[in-house]
Student: 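Please find one structure pasted underneath; my questions will follow.
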Amino acid sequence: MKLLAYTDTVELGGADLCLAHLVERLAPSIDVAVAGVSERIVERIAGARPSASSHVVAEPRSGHDLRSLVEHVRLIRELAPDIVHASLASPWSCQYA
């Protein structure tokens with residue numbers, strides 16, 4: 001099984017720390033990729049699981065950022081995860097994922 005753990009936060013907070021704990025404790029048989037818009041946050045989360053791959057996509061500059069949307073779609077298609085876990089720091093988070 002392949003899991004994509006996604007966050008669009010740019011400041012480390014509780015949602016990201018919870019996501020790091022989640023990916024760390026998943027069964028070893030689960031292939032984990034971590035993606036987000038902040039390299040620092042993605043590396044912090046992926047660091048909890050040494051076998052996880054890390055992927056950074058462009059942060060949306062507005063609610064209609066076509067370039068960022070295309071990057072998000074391309075990454076998800078490329079990784080072809082069975083599950084996408086979008087970590088919501090607020091109810092409006094992760095719209096591009």
Side-chain angles (χ1 to χ4, degrees):
M1 177 179 297
K2 293 193 276 184
L3 170 83
L4 172 59
Y6 176 85
T7 180
D8 64 359
T9 60
V10 294
E11 295 295 328
L12 186 64
D16 304 308
L17 296 174
C18 287
L19 186 56
H21 290 300
L22 174 74
V23 300
E24 176 183 28
R25 289 171 174 82
L26 289 171
S29 60
I30 299 174
D31 181 19
V32 177
V34 179
V37 298
S38 166
E39 183 175 358
R40 182 175 65 88
I41 302 294
V42 168
E43 293 301 325
R44 170 65 174 84
I45 295 167
R49 187 180 186 98
S51 63
S53 61
S54 301
H55 308 273
V56 179
V57 290
E59 180 180 3
R61 294 173 292 192
S62 70
H64 301 89
D65 186 346
L66 184 60
R67 181 185 66 117
S68 179
L69 180 60
V70 167
E71 279 191 40
H72 281 75
V73 169
R74 186 174 293 139
L75 176 67
I76 292 171
R77 283 183 176 166
E78 176 185 311
L79 295 175
D82 298 302
I83 299 170
V84 175
H85 174 91
S87 182
L88 303 178
S90 77
W92 305 273
S93 298
C94 301
Q95 294 177 13
Y96 276 51

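Bear in mind the structure is a predicted one, so any value in this text is a computation, not a measurement. Basis for what follows: all heavy atoms, side chains included, without hydrogens, waters or symmetry-related copies.
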Student: Output, in order, the C-alpha distance, side-chain angles, deciding distance and verdict of side chain to side chain contact (heavy atoms under 4.5 Å, CB included) for E71 and E59.
Tutor: CA-CA 10 Å; E71 279 191 40; E59 180 180 3; over 6 Å; no

Student: List the steps, then state whether side chain to side chain contact (heavy atoms under 4.5 Å, CB included) holds for V37 with H72.
Tutor: CA-CA 10 Å; V37 298; H72 281 75; 4.2 Å; yes

Student: Return the minimal non-hydrogen interatomic distance between A52 and A46, and the atom names on each side.
Tutor: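 That closest heavy-atom pairing would be CB-O, 4.2 Å.
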
Student: Going only through I, L, V, M, F, W and Y residues with side-chain contacts under 4.5 Å, is there a path from V23 to Y6?
Tutor: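 No, separate clusters.
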
Student: If Ile, Leu, Val, Met, Phe, Trp and Tyr residues are connected whenever their side-chain heavy atoms lie under 4.5 Å apart, and connections chain through other members, are V10 and V34 in the same group?
Tutor: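 Hydrophobic grouping puts V10 apart from V34.
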
Student: Check whether more than 12 heavy atoms from other residues, nucleotides or ligands sit under 6.0 Å from atom CD of E39, and answer yes or no.
Tutor: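 Counting other residues, nucleotides and ligands, CD of E39 stays at 12 neighbours or fewer.
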
Student: Rounded to the nearest 0.5 Å, what separates atom OG1 in T9 from atom CZ in R44?
Tutor: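 T9 OG1 to R44 CZ: 11.5 Å, rounded to 0.5 Å.
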
Student: Between NZ of K2 and CG of L79, what distance do you get to the nearest 0.5 Å?
Tutor: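 If I round to the nearest 0.5 Å, the distance is 7.5 Å.
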
Student: Give the C-alpha distance, both sets of side-chain angles, the deciding distance and a yes or no for side chain to side chain contact (heavy atoms under 4.5 Å, CB included) between V73 and L69.
Tutor: CA-CA 6 Å; V73 169; L69 180 60; 4.3 Å; yes

Student: I need the minimum non-hydrogen distance between A48 and A20, along with the two atoms involved.
Tutor: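 Scanning both residues, the minimum pair turns out to be CB-O, 3.4 Å.
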
Student: Side chain of S68, backbone of A58: donor and acceptor closer than 3.5 Å?
Tutor: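 Yes, the answer is positive, given that a donor and an acceptor are paired below the 3.5 Å cut-off.
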
Student: Return the CG to CG distance between L22 and D16, rounded to the nearest 0.5 Å.
Tutor: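 Atom-to-atom, L22:CG and D16:CG are 12.5 Å apart.
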
Student: V84, V42: one ILVMFWY side-chain cluster at the under-4.5 Å cut-off?
Tutor: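 In one cluster: no.
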
Student: More than 12 heavy atoms of other residues, nucleotides or ligands under 6.0 Å from CZ of R49: yes or no?
Tutor: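 Atom CZ in R49 is crowded, with more than 12 foreign heavy atoms closer than 6.0 Å.
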
Student: Would you compute the distance between atom CD1 of I45 and atom NE2 of H21 and round it to the nearest 0.5 angstrom?
Tutor: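 NE2 of H21 is found 11.0 Å from CD1 of I45.
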
Student: Would L19 and L3 show up in the same hydrophobic cluster when neighbours are defined by side-chain heavy atoms closer than 4.5 Å?
Tutor: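 Yes; L3 is reachable from L19 via cluster members.
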
Student: Hey, any chance L75 and I83 share a hydrophobic cluster, counting ILVMFWY side chains that come within less than 4.5 Å of each other, even indirectly?
Tutor: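 L75 and I83: separate clusters.
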
Student: Please report the C-alpha distance between L12 and I41 in whole Å, then the side-chain angles of each, then the deciding distance to 0.1 Å, and finally whether the side chain to side chain contact (heavy atoms under 4.5 Å, CB included) criterion is met.
Tutor: CA-CA 6 Å; L12 186 64; I41 302 294; 3.8 Å; yes

Student: Is the number of heavy atoms from other residues, nucleotides or ligands within 6.0 Å of CZ (R74) greater than 12?
Tutor: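 No - once you tally the heavy atoms of other residues, nucleotides and ligands closer than 6.0 Å, there are 12 at most.
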
